[in-house]
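Let me begin by presenting the structure, written as structure tokens, before commenting on it.
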Amino acid sequence: MGKIRPLHIFSGVVGLGLALVGILSFFYGGGHILFWSDARIAALAQEQVTANKVLLLTAALDERLYKKGMLRARASEIKVLVMGSSRVLRIDGGALHADRQSFYNVGLSGATIEDHVIVWEACKELGIMPTVVFWGLDPWIFNENSGGLRWESLDADFRRFKYSYAQAGPSLGYYLTDRSLHHFWLKVTDLLSMPRLVQARDSLRNALAGSQSTVQRNGDVVLIDEVLLPPLATGFRIDGTTVSPSAGLADDSREMGEAKAGKFFMFNEWHKLNGARIGLLEKLLGEMHASGVKVVGFTLPYSPAYFAVLKENERYMRLLKQENAVLRDRFAQYKFEYIDMLDPAIVQLSPEAFSNGTHLTKAGTIKALQYLFEQMSLSEARRVPLAS
Amino acid sequence: MLFSSWEFICVFLVLVLGVLNRLPGLQAKLAWLTICSYIFYGFAGPQYTLLLLSATIVDYNVGKRLAATDSVFGRKSWVALSLTVNLGMLAVFKYANFLWRNVLELLTVGDGLWGTELVRAVIYALQYESLTDAQTFMQVVLPPGISFYTFQSLSYTLDVYRNKTKPEPQFWKFACFVSLFPQLIAGPIVRYVELAPQLETGLLRTKTVADWECGVLQFSVGLCKKVLIADRIGNAIDPFLGNYHQLDMVGSWVVMIGFAYQLYFDFSGYSDMAIGLGRLLGFKLPINFDSPYRAVNPSDFWSRWHVTLSRWMRDYVYISLGGNRGGRLLTVRNLFITMFLGGLWHGAAWTFVVWGAFHGILLAFYHGAKSYWDRIPPVRARGLMFALIVFSWVPFRSADLRMTKEILLAMFGSNGFMSGSVSEMPPKLFLALAVAGALAHTCRTNSNHIRYEDLGNLRVATLAAATVGALVYMNVSSKFLYFNF
């Protein structure tokens, strides 16, 4: 037997260490949820609808798969749909004068145009044809996907759309390849990441202390009554809105600091404002229009403090202007409403209406929507879709 | 593609080494390594590989022409072509926007001077709305690593011109020298005479276990430096640097000392990874850092910090200007010009000019007061030198001169001694600073001098455990700071 060399020890310790991290993350960090099938998520969604409880949100949950599962579970009821990013997640049926049964909020964190395409594809697949879609558009809508799991977990849905689009539209080379292997790679590397390990540590600590864990040992996600939701936890209601999403002040100061240093939240890819991505928007609006869906586009406000920083950067403001012109033009093409409220001076909200630089509180959201309704030029837009 | 990414470690590197070690013959190995290096560079943007290829083709042919030409004028013409192409690429991609902005601003100085109308005409002609918009006319994205590989390629033609080396007859070998992926984007800047012999012997010889050990372990040390120290400090101080006008005296010192460590562990981490990768391929790349924060004077610092750049500037700029052959005054001038250009090499901004000039003055001062400075006890000299270096990082880190001024004033107490910014800093920052400080100031043996093949079991196991931590943190790792240059 040969001598044990430093390389052998190094390889052994690294191998064992990574295996341990992987096992912990898989069983306690919720890593296994990433490997859930569509069907399993759909079963969870169905269970939530039946039990009428809140789903405790964990970093382990694939939000996109879950929301699609919920669409499936509630397919027969949905008439009013809210699309957008995490910034729309506080919009509930009440704020839109819609009853809870007919409403679903399919907001997805950091949503870009691909996410919106996927939501629409899911609706078509499930036979959901909403009367009205309230569509929250964000400055980062045309960003290229940042490389995380995000919409890639629903890559197959997107591919269906892009193939039909590619016949007529400009080249979308990036999307015309099968990325399932890439998706699997992202899952594996996610399993060996620090956020997942931290979650595993916390879950393990809770399990050892005998207290309630957000992710159960057997792989089930916790469904609980809303009143029992821990104060700092976030959950999804069955209408897709979030409960107690106390967006962190630490995140806020970081966002603000970065903005002052010239980096903007989720808007670091200004050069990606290209024809192909705008083409996706056109195609999507065209399909919605052809289906007889009424679309109301809007951009929720940023906080006065955050927007003041943005205003100091001429390039950023110019790009926002360009993007806004594109959105306004494309919505007008199909006679859809588009109300831009990004500048907080438009709605005149106080700083208290914001939980951080980019997210409104529930009260702030209601105020912004009041303004939206005031601005909607056609009075029928208020009436038509909202009564069930 | 970052060294500190799963894609690089698990896919790219495995593929490169796996195929390389099975290919027969030198030419095939050189071609494979060159192609892989271009693929590696292409991840930053496929269009940038054209620049790399241009520099390679021009300098390869210039080298051959230089050897075939006897006339002084002919040789000067050929080397001038190489200088024009390499420095021209730098001028267009790195400095054109800077020059354009400054020309426009200069023409509007004093509001109403002769240039204002001209600027208005330019803004109108370019169909921009304002001066700020017009300033973006020449804005181009800086190709990563362009400052490094142009200098490396240029050193070859200059050496051939000076008859210090013979021209390379094999294209693949020269292309491999220019594009070698471990040191392509951020150095070490290798001279042709150093690498050329190794490109044959290193690739052809069978790697020993010691080679693998040195390579893997030094790469891991670099990974840990980058991910566990530099990134952790960077994440903690960046928000404070974003709100720099709120920094008090203690806070500004903490933040700037943090940046000093971040930059050192980031760049030296990259260099360790590059050297480790070199060992895996069969090369021995030159060291780039030699415990720079243990320097006792400015001259000592520059023999320890970014060693390969210092060496390049010394050999091709300082000595070309006359070095120390023309008396004290000319030596001081040459030192100043060299450091001024060194500052400009780092970036097209006045902040880098100030940084370079500061070091030029510091070196000139040391040159004049050497006999006094060298009498300072080593511990105090190290403290003094570190404080001066921390000062010098202020313009280096600043987005503009206003930020430089405000941070420097804060360091002297203009915003109060300790008005609150320190209390907002995360405790982990202080832990990271303590670890970084201990490693940077007290370790006599740095990562370049460790005999990895003789490391004790406990130390290897500790390094392996730290590497697991670094791998787990890698998903949130940022790009290397020197990729911006």
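Here the structure is a predicted model, which is why all the values come from computation and not from measurement. For the numbers below, each heavy atom of this structure counts, side chains included, while hydrogens, waters and symmetry mates do not. Note on naming: letters A, B, ... go to the chains in the order of the sequence lines (proteins, then strands), and numbering restarts at 1 for each one.
Within 6.0 Å of atom CZ in B:Arg459, 12 or fewer heavy atoms from other residues, nucleotides or ligands are found, so the atom counts as exposed in its surroundings. By the neighbour-count criterion of 12 heavy atoms within 6.0 Å, atom CZ of A:Arg328 is densely surrounded, having more than that number from other residues, nucleotides or ligands.
B:Phe8 pairs by the ring-ring contact (aromatic ring centres under 6.0 Å, His included) definition with B:Phe3, B:Phe12, B:Phe40, not counting sequence neighbours. A search for ring-ring contact (aromatic ring centres under 6.0 Å, His included) contacts involving B:Trp350 returns B:Phe98, not counting sequence neighbours.
Rounded to the nearest 0.5 Å, atoms CG (A:Leu197) and OH (B:Tyr473) are 9.0 Å apart. Rounded to the nearest 0.5 angstrom, B:Leu463 CG and A:Ile9 CD1 are separated by 11.5 Å. The distance from the CG atom of A:Leu7 to the CG atom of B:Asp211 is 11.0 Å, given to the nearest 0.5 Å.
Both the backbone and the side chain of A:Leu192 come within less than 4.5 Å of a heavy atom in chain B. For a residue to count as touching a neighbouring chain, one of its non-hydrogen atoms must lie under 4.5 Å from one of that chain's; by this rule B:Leu471 touches chain A with backbone and side chain alike.
Inspection of non-hydrogen atoms places A:Gly17, A:Leu18, A:Val21 of residues 15-23 of chain A under 4.5 Å from chain B.
When all heavy atoms of B:Val468 and A:Val13 are compared, the closest pair comes out as CG2-O, 4.1 Å. Smallest separation of non-hydrogen atoms from B:Val11 and A:Trp185: CG2-CH2, 4.0 Å.
The side chain to side chain donor-acceptor pair (under 3.5 Å) analysis of residues 5-14 of chain A, with sequence neighbours excluded, yields the pairs A:Arg5-B:Glu213.
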Exercise. So A:Phe10 and B:Thr467, side-chain contact (heavy atoms from CB on, under 4.5 Å) or not? Walk me through it.
Worked result: CA-CA 9 Å; A:Phe10 182 84; B:Thr467 304; 3.6 Å; yes
